[in-house]
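In what follows, every chain begins at residue 1, and chains take the letters A, B, ... in the order their sequences are listed. The basis for the numbers below is simple: all heavy atoms, side chains too, and nothing from hydrogens, waters or symmetry mates.
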Amino acid sequence: MPELPEVEVICQGLLIHLLDRTITSVHCSGKQLRATVPCKEMQTKLSGKRICDLSRRAKYLILTTECGAAIIFHLGMTGNMGIFDVKSTIKKHDHVRWTLDNNTELRFNDPRRFGAVHFISTENAAEEIHHFFANTGPEPFSRTCSVAYLTKRAAPRKIAIKKFIMDNHVIAGIGNIYANETLFRAGIHPERPSCSLSKAEWKLLLSTIRKTLKHAIACGGSTISDFRGASGDGGYFQMNFRIYGKAGQNCLNCGGVIKKINIGGRSSFFCPTCQPEKV
DNA sequence: CAAGTTACCTGACGGC
DNA sequence: TGCCGTCAGGTAACTT
């Protein structure tokens, strides 16, 4: 599930359960994720350490501890994290477990194993984290992510606008679903060349991105309030899809038929009337 | 340098 | 029932 809103909701949900808890041990399934999980190193360096913070950057979660060490999580396509009782049954794809000092565990579950668990143990963790995100685009809600910035980045690019806003080096956190949803809401055809958008269109698109992501966070947050033992996959945001997965259905704006095309290997949905090819 | 392709994995689903 | 192809929310390393 994890695009920016889902990762943000998971972050907020987990924070309450993790803050000021002490990690007592770390266990791994031994399966390879996107990168090898440094299980032994985490076990050695995190045991007995208190958790100071959990935050989000792009689609990543960052957990920091009192000793300065940090874990950077990425949920890939199918990853999920939750807090469980230590005695509860370990599920098939629970690949990493961080046992806490109150008989609960943080569990990282990921069937498809496109996710990743990076460990930063140096004293200069802050600097390394900064380095880790050096090539990541600005957060959509930040001042840096302005119309001027996006226009400038888009100027030399002819790729489809949908691919462009999904590029996390340009802007962080937008995946296939929210790319589809925001372009529909802004009335912009997903195959428009990035460089062809006017300043007014960029202004509309950016505000639509912000509004849509914010709304999705609010919806997710309202339903997934307790992560303890929960699967965490019951987000309310799905109710708000207007275009994603709706090929052949009628557009909510104009009643026309929603089309599905392939852009860069990803399913793309649009309304030919509300999102015209040329302006 | 931009843009396109491929690889990494499992599971769910539809057709036969 | 099962076998097969297709598809799935992401990212980075390739090639062109």
Side-chain angles (χ1 to χ4, degrees), chain A residues 1-11 28-37 56-61 72-81 91-96 108-118 131-137 140 150 152-184 190-196 209 212-213 215-217 219-220 224 231-248 260-269:
Chain A
M1 321 197 171
E3 294 183 37
L4 185 150
E6 292 73 50
V7 178
E8 179 64 32
V9 168
I10 288 172
C11 183
C28 300
S29 68
K31 290 274 190 175
Q32 174 99 5
L33 299 182
R34 170 158 279 284
T36 303
V37 180
R56 180 193 60 73
R57 172 76 172 95
K59 297 170 192 170
Y60 293 84
L61 289 172
I72 301 178
F73 309 90
H74 194 283
L75 299 175
M77 296 262 247
T78 53
N80 201 1
M81 294 207 289
K91 286 185 285 186
K92 186 173 180 185
H93 299 290
D94 284 343
H95 295 303
V96 193
F108 184 101
N109 184 285
D110 185 7
R112 216 168 150 184
R113 288 191 272 138
F114 283 4
V117 176
H118 304 283
H131 180 252
F132 187 92
F133 291 108
N135 294 318
T136 303
L150 290 168
K152 192 180 169 188
R153 291 293 303 262
R157 311 283 304 271
K158 289 180 183 171
I159 54 161
I161 184 63
K162 176 162 176 280
K163 282 199 78 176
F164 185 75
I165 60 171
M166 283 175 71
D167 183 348
N168 277 253
H169 302 291
V170 172
I171 177 171
I174 302 170
N176 199 34
I177 287 177
Y178 292 99
N180 278 296
E181 289 294 324
T182 53
L183 287 169
F184 170 71
E191 284 181 306
R192 291 268 306 278
S194 307
C195 57
S196 76
I209 286 169
T212 307
L213 295 179
H215 181 218
I217 292 167
C219 289
I224 309 175
S231 63
D233 59 1
Y236 179 51
F237 58 88
Q238 297 172 30
M239 313 284 289
N240 295 296
F241 288 173
R242 294 185 192 168
I243 198 87
Y244 181 80
K246 295 190 183 294
K260 178 180 177 179
I261 57 174
N262 188 305
I263 301 176
R266 314 299 297 273
S267 289
S268 308
F269 305 86

field: Side-chain-base donor-acceptor pair under 3.5 Å for A/Arg113 and B/dT10
entry: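 Side chain to base: no pair present.
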- request: Name the residue closer to the 5' end of DNA chain B, choosing between A/Arg112 and A/Ala160 according to the nucleotide with the nearest heavy atom.
  value: A/Ala160
Provide, to the nearest angstrom, the distance between the [atom1] atom belonging to [X] and the [atom2] atom belonging to [N].
X        : N      : atom1 : atom2 : answer
A/Arg34  : C/dA13 : CZ    : P     : 9 Å
A/Asn262 : B/dG4  : CG    : C1'   : 12 Å
A/Asn176 : C/dT11 : CG    : P     : 11 Å
A/Arg157 : B/dA2  : CZ    : P     : 6 Å
A/Ile159 : B/dT5  : CD1   : C1'   : 14 Å
A/His169 : C/dA13 : NE2   : C1'   : 11 Å
A/Phe114 : B/dG11 : CZ    : P     : 13 Å
A/Asp167 : B/dA3  : CG    : P     : 10 Å

So [Y] and [X], do their side chains get closer than 4.5 Å, heavy atoms only?
X        : Y        : result
A/Asp110 : A/Leu75  : no
A/Cys195 : A/Lys158 : yes
A/Arg242 : A/Asn180 : no
A/Ile72  : A/Phe133 : yes

task: Determine the contact category for A/Lys92: base if any of its heavy atoms lies under 4.0 Å from a base atom, sugar-phosphate if only primed atoms, P, OP1 or OP2 are that close, otherwise nothing.
output: sugar-phosphate
- request: Determine the contact category for A/Asn168: base if any of its heavy atoms lies under 4.0 Å from a base atom, sugar-phosphate if only primed atoms, P, OP1 or OP2 are that close, otherwise nothing.
  value: sugar-phosphate
field: Span that lies between the P atom of C/dC14 and that of B/dC9, in whole angstrom
entry: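 Each nucleotide's P atom is 15 Å from the other's.
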Nearest-Å distance once atom P is located in both C/dT11 and B/dC1: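 It comes out at 23 Å once rounded to the nearest Å.
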query: Which atoms form the tightest heavy-atom contact between A/Ile217 and A/Pro5, and what is the distance?
result: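 Of all heavy-atom pairs spanning A/Ile217 and A/Pro5, the closest is CG1-CA, 3.6 Å.
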message: Return whichever of A/Tyr60 or A/Gly265 has its heavy-atom-nearest nucleotide of DNA chain C closer to the 5' end.
response: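 Its nearest nucleotide lies further toward 5', so the answer is A/Gly265.
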task: Could you check which of B/dG11, C/dA8, C/dG9 has an atom nearest any side-chain atom of A/Lys260?
output: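 From the listed options, C/dA8 comes nearest.
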Side-chain N or O of [X] closer than 4.0 Å to phosphate OP1/OP2 of [N]:
X        : N      : result
A/Tyr178 : C/dG9  : no
A/Lys158 : B/dA3  : no
A/His93  : B/dG11 : yes

- prompt: Are A/Lys92 and A/Asn109 close enough, and set up right, to give a side chain to side chain donor-acceptor pair (under 3.5 Å), and what steps lead you there?
  reply: CA-CA 8 Å; A/Lys92 186 173 180 185; A/Asn109 184 285; over 6 Å; no
query: Got a minute to check which stems DNA chain B is part of, using Watson-Crick or G-U wobble pairs under 3.5 Å, three or more consecutive?
result: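 Result, WC/G-U stems under 3.5 Å: B:2-8 with C:10-16, B:10-16 with C:2-8.
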- request: Please report the C-alpha distance between A/Leu4 and A/Arg56 in whole Å, then the side-chain angles of each, then the deciding distance to 0.1 Å, and finally whether the side chain to side chain contact (heavy atoms under 4.5 Å, CB included) criterion is met.
  value: CA-CA 9 Å; A/Leu4 185 150; A/Arg56 180 193 60 73; 3.4 Å; yes
message: Using the rule given for side chain to side chain contact (heavy atoms under 4.5 Å, CB included), can you reason through A/Ile159 versus A/Asp167, listing the C-alpha separation, both sets of side-chain angles and the distance that settles it, and then say yes or no?
response: CA-CA 11 Å; A/Ile159 54 161; A/Asp167 183 348; 5.7 Å; no
